[in-house]
Amino acid sequence: MLSVSPEPASKTNQPVAPEGDRPTDPEDWSDELNGGWSCKLKRLGWGAEQEATYLARAFGHPSRAV
């Protein structure tokens, strides 16, 4: 049986962006993490009060803020 081992990442044909062109991670992830929540809450038919009640019961804190 023939086995083919994968090539190391450095030998693939994927172009590597120069160090200065690479995207950087944001300092604050809140926009990325909170983006879909309003849509999900709307689908549930929840308002701010229902969200706060759930968060307080589930996590002991009534808001998404840390």
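Within the structure, the ring-ring contact (aromatic ring centres under 6.0 Å, His included) test picks out the following pairs touching residues 39-64 (sequence neighbours left out): Trp46-Tyr54. Listed by first then second residue, pairs satisfying salt bridge (charged side-chain N to carboxylate O under 4.0 Å, His left out) with a partner in residues 40-66 read Glu51-Arg64, not counting sequence neighbours.
The same ILVMFWY cluster, assembled from side-chain heavy atoms under 4.5 Å apart, contains both Leu41 and Leu55.
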